[in-house]
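Please read the structure below before turning to the comments.
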Protein chains: 2
Amino acid sequence: MLTSGIQHTISTVSQRTGLSQHVIRVWEKRYGTIRPGRSGGNQRVYSESDIARLQCLQKLTAQGFSISKVAHLDDATLGQMVTAEIDKTSTNISPSQEVRPVAPTNDSVVQALDAVRHMNLGALEDCLERALLKYGQIGLLERVIAPLAEAIGEEWRGGRLQVAHEHLATSTLRTFLGRFVRPFTVHPSAPMLVATTPAGQLHELGAILVAATASGMGWRVIYAGASLPCEEIARIARSQSARVVALSLIHPEDDPLIPQELKRIKRMLEPSTRIIMGGRAASAYANGLSEDGIVLIRTLDELRSMLDSLRTKHDPDLGNPVPALT
Amino acid sequence: MLTSGIQHTISTVSQRTGLSQHVIRVWEKRYGTIRPGRSGGNQRVYSESDIARLQCLQKLTAQGFSISKVAHLDDATLGQMVTAEIDKTSTNISPSQEVRPVAPTNDSVVQALDAVRHMNLGALEDCLERALLKYGQIGLLERVIAPLAEAIGEEWRGGRLQVAHEHLATSTLRTFLGRFVRPFTVHPSAPMLVATTPAGQLHELGAILVAATASGMGWRVIYAGASLPCEEIARIARSQSARVVALSLIHPEDDPLIPQELKRIKRMLEPSTRIIMGGRAASAYANGLSEDGIVLIRTLDELRSMLDSLRTKHDPDLGNPVPALT
DNA sequence: CCTATTTTGTCAATGTTTCGTCTAGATATT
DNA sequence: AATATCTAGACGAAACATTGACAAAATAGG
């Protein structure tokens, strides 16, 4: 087990956990929560997992557990308790795992990902700007932003990027792509698409991407933000007479409620309204939904041809590679 | 059955059952309902099943059973009684509420709110566009968007707008104001502000507003999205050498974790970094935080003068109308 | 209906425990 | 030399325990 041998001083630990140095020492002395190594002149030296453990303890004590009760629990239990106690968005400890850094082919993607890594938003914007000039709007989306989103998701899952990176990237892309998503400057008879993410699905990058793509194809687009309950999605779609509802499913791949939710949405919509879903987790939910008229798309290219076929008229069948059964 | 041997203090039990500590003790003394363990210095220590039992007893007494009658029953019986009683009292929601619709003064606000009500995003955009021409950027923010955000929040709390409305309005405003928030087109030496919303706080309109205001005043602004854990907020602020972290607190007004979270953020930041907080719920968390250097602002105007005073140099004290006590 | 008793939740007073913080002098690190 | 860290102990606020008393409500009895 290579714990990425880096050793941290107590001030680093204090900053990253939010605990004062006093508390860290006194916890060690009174409860033996952690046994940091000592280096050279007897100074404490903490590993990454020590920090993770202390972060867990900090969260738990902040939630009301008394330190004496939780100090002796093992790492696994602590991790469970933290994730169990927080039904909100939780920053998990990144358990060290096999790093298999993806190698995005495109040069702009590499640069952009690097900018995200270093939280250098200026560089990220520059990069996007240049890519826009180079590839044009469609090309930018397909060849830069889509792979970038993919890569960010991958890195995030691997624990190599934190929530903060994801938020910043999302926010920057959101602003950047906002220029293209001007719903009501196009002709009012253009078909309407609603892009969003169901409740519990936090990562909105995919939905933004869809919104920008559709907008670039002349659709009127409403981007409705992330984590929206299905009744609300249906409400929006109905009130706007949307022809398509596009859902991005990325993070929780195993939420048992999602398929039911999707069916409920479908029921609440006008029959002529299409639901298309995409994103990394979408295929996990796909089986059993195609006969409900919910369509899975895998690539932006697929999305584009789908939108093209849906644009002129909503035909009962569509350019779906999977034939609709029954 | 792994009850994860965690032991809870009486305060935790009190919180989770809704019973006062007094009651828990006196029930133990008079009826011996539960026999918590004692730990170290004779303090009561409760297991998870103790809590479950007390929750049952709480529900039953709330339904009219006298404690002396149910205190001695075994866990299984209690569980049955609770589930049996739940069926009867199923539909008891009281939707009665005094509707006191606020009357926004400004004409544009009225129109915009109406557009939100009808989910007519085109009209909303038009209205904003016209208001921008009429009032200019600053005026738009102060006289239209801020009251609009206020009104939307009010209507939402009153149940007269749904999540969908809020999401759509947020999204539209986000896109609209995105034009003004161009972080890296201003001079790189301009001070940096990070606007966001702590974990659990869902409504991002306030943060967007702050971002737009600061951006209009020549600050470099990073809008980091909503519901961000405090470690991540601190990480962003540190990596960007932010001078100010602006937090919008709107919806849960009683989250007991928030004040601690704020203090933790403060600790994790460079000492020279200011934290300012605003939004409807902010004043609920304000007391006890001013000595930590966390500043409450109430209006956009206050924000502007604050940012002005912080712009040139971070002075230890600031142009705060409220004198710091103690 | 009116009182007496029991039930039940709440409160105050006082001592103990828990837990974060602080001080001070010595040693390490840069 | 200036900072950062170490140890050891002390301090104080908040939480907890115990005892005893009190008041409101339910119950019983006349």
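Here is the naming used below: chain letters follow the sequence lines, and residue numbers restart at 1 for every chain. Nothing here was measured: the structure is a model prediction, and the numbers come from that model.
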Legend entry - Side chain Q55(A), main chain R16(A), donor-acceptor under 3.5 Å: yes
Legend entry - the helix from dC1(C)-dG30(D) to dT30(C)-dA1(D): angle between end helix axes, five pairs per end, rounded to 10 degrees: 30°
Legend entry - Q7(B) CD to dT18(C) P, straight-line distance once rounded to whole Å: 14 Å
Inset, instruction - Could you tell me whether the phosphate oxygens of dT18(D), OP1 or OP2, come under 4.0 Å of any side-chain nitrogen or oxygen in N42(B)? - result: yes
Legend entry - Spacing of CD belonging to Q15(A) relative to OG1 belonging to T17(A), to within rounding of 0.5 Å: 9.5 Å
Inset, instruction - Find the distance Q21(A):CD to dG20(C):C1' and express it as a whole number of Å. - result: 14 Å
Inset, instruction - Quickly work out the Q58(A) CD to dG20(C) P distance and round it to whole Å. - result: 11 Å
Inset, instruction - Starting at the 5' end of nucleotides 8-15 of chain C, put B wherever the base has a protein heavy atom under 4.0 Å, S where only the sugar-phosphate does, and a dash everywhere else. - result: BBSB----
Inset, instruction - Using a cut-off of strictly less than 4.0 Å, decide whether R25(A) has a side-chain nitrogen or oxygen near OP1 or OP2 of dC6(D). - result: yes
Legend entry - T273(B) side chain to A242(B) backbone, donor-acceptor under 3.5 Å: yes
Inset, instruction - Measure from OH on Y46(B) to C1' on dA17(D) and round the result to the nearest Å. - result: 11 Å
Expected rows: protein N/O vs nucleotides 12-14 of chain D N/O, under 3.5 Å:
none

Show which side-chain atoms of residues 65-75 of chain B pair as donor or acceptor with protein atoms under 3.5 Å away, not counting sequence neighbours.
unit_1 : atom_1 : unit_2 : atom_2 : d
S66(B) : OG     : S68(B) : OG     : 3.2
S66(B) : OG     : K69(B) : NZ     : 3.4
D74(B) : OD1    : T77(B) : OG1    : 2.4
D75(B) : OD1    : R53(B) : NH1    : 2.4

Inset, instruction - Return no unless some side-chain N or O of R44(A) is found under 4.0 Å from OP1 or OP2 of dT7(D). - result: yes
Legend entry - Candidate nucleotides dT5(D), dT19(D), dT18(D), ranked by approach to the side chain of R38(B) - the nearest: dT18(D)
Inset, instruction - Would you kindly give the NZ-to-C1' distance between K29(B) and dT7(C), to the nearest whole Å? - result: 15 Å
Inset, instruction - Calculate the interatomic distance between I10(B) atom CD1 and dA15(D) atom P; express it in whole Å. - result: 13 Å
Inset, instruction - Check A226(B) against H167(A) and note the closest heavy-atom contact, atom names and distance. - result: O-NE2, 2.9 Å
Inset, instruction - Could you grab the distance from atom NE2 of H165(A) to atom CZ of R117(A), nearest 0.5 Å is fine? - result: 9.0 Å
Inset, instruction - Tell me, please, which residues at least two apart from Q43(B) pass side chain to side chain contact (heavy atoms under 4.5 Å, CB included). - result: none
Would you give me the side-chain donor-acceptor pairs under 3.5 Å for residues 25-33 of chain A, sequence neighbours excluded?
unit_1 : atom_1 : unit_2 : atom_2 : d
R25(A) : NH2    : Q21(A) : OE1    : 3.3
E28(A) : OE1    : R44(A) : NE     : 2.6

Inset, instruction - Nearest whole angstrom, please: distance from the C1' of dA26(C) to the CD of Q43(A). - result: 12 Å
Inset, instruction - Using the closest heavy atom to pick a nucleotide of DNA chain D for each, name whichever of E28(A) or S11(B) lands nearer the 5' end. - result: E28(A)
Inset, instruction - Of all the heavy-atom pairs spanning G206(B) and S248(B), show the shortest one and how long it is. - result: CA-OG, 3.5 Å
Legend entry - Whether D114(A) side chain and Q111(A) backbone form a donor-acceptor pair below 3.5 Å: no
Inset, instruction - Report yes if some heavy atom in the side chain of V45(A) is under 4.5 Å from a heavy atom in the side chain of P36(A); otherwise report no. - result: no
Inset, instruction - For the residue pair I152(A) and V116(A), establish whether any side-chain heavy-atom pair is separated by less than 4.5 Å. - result: yes
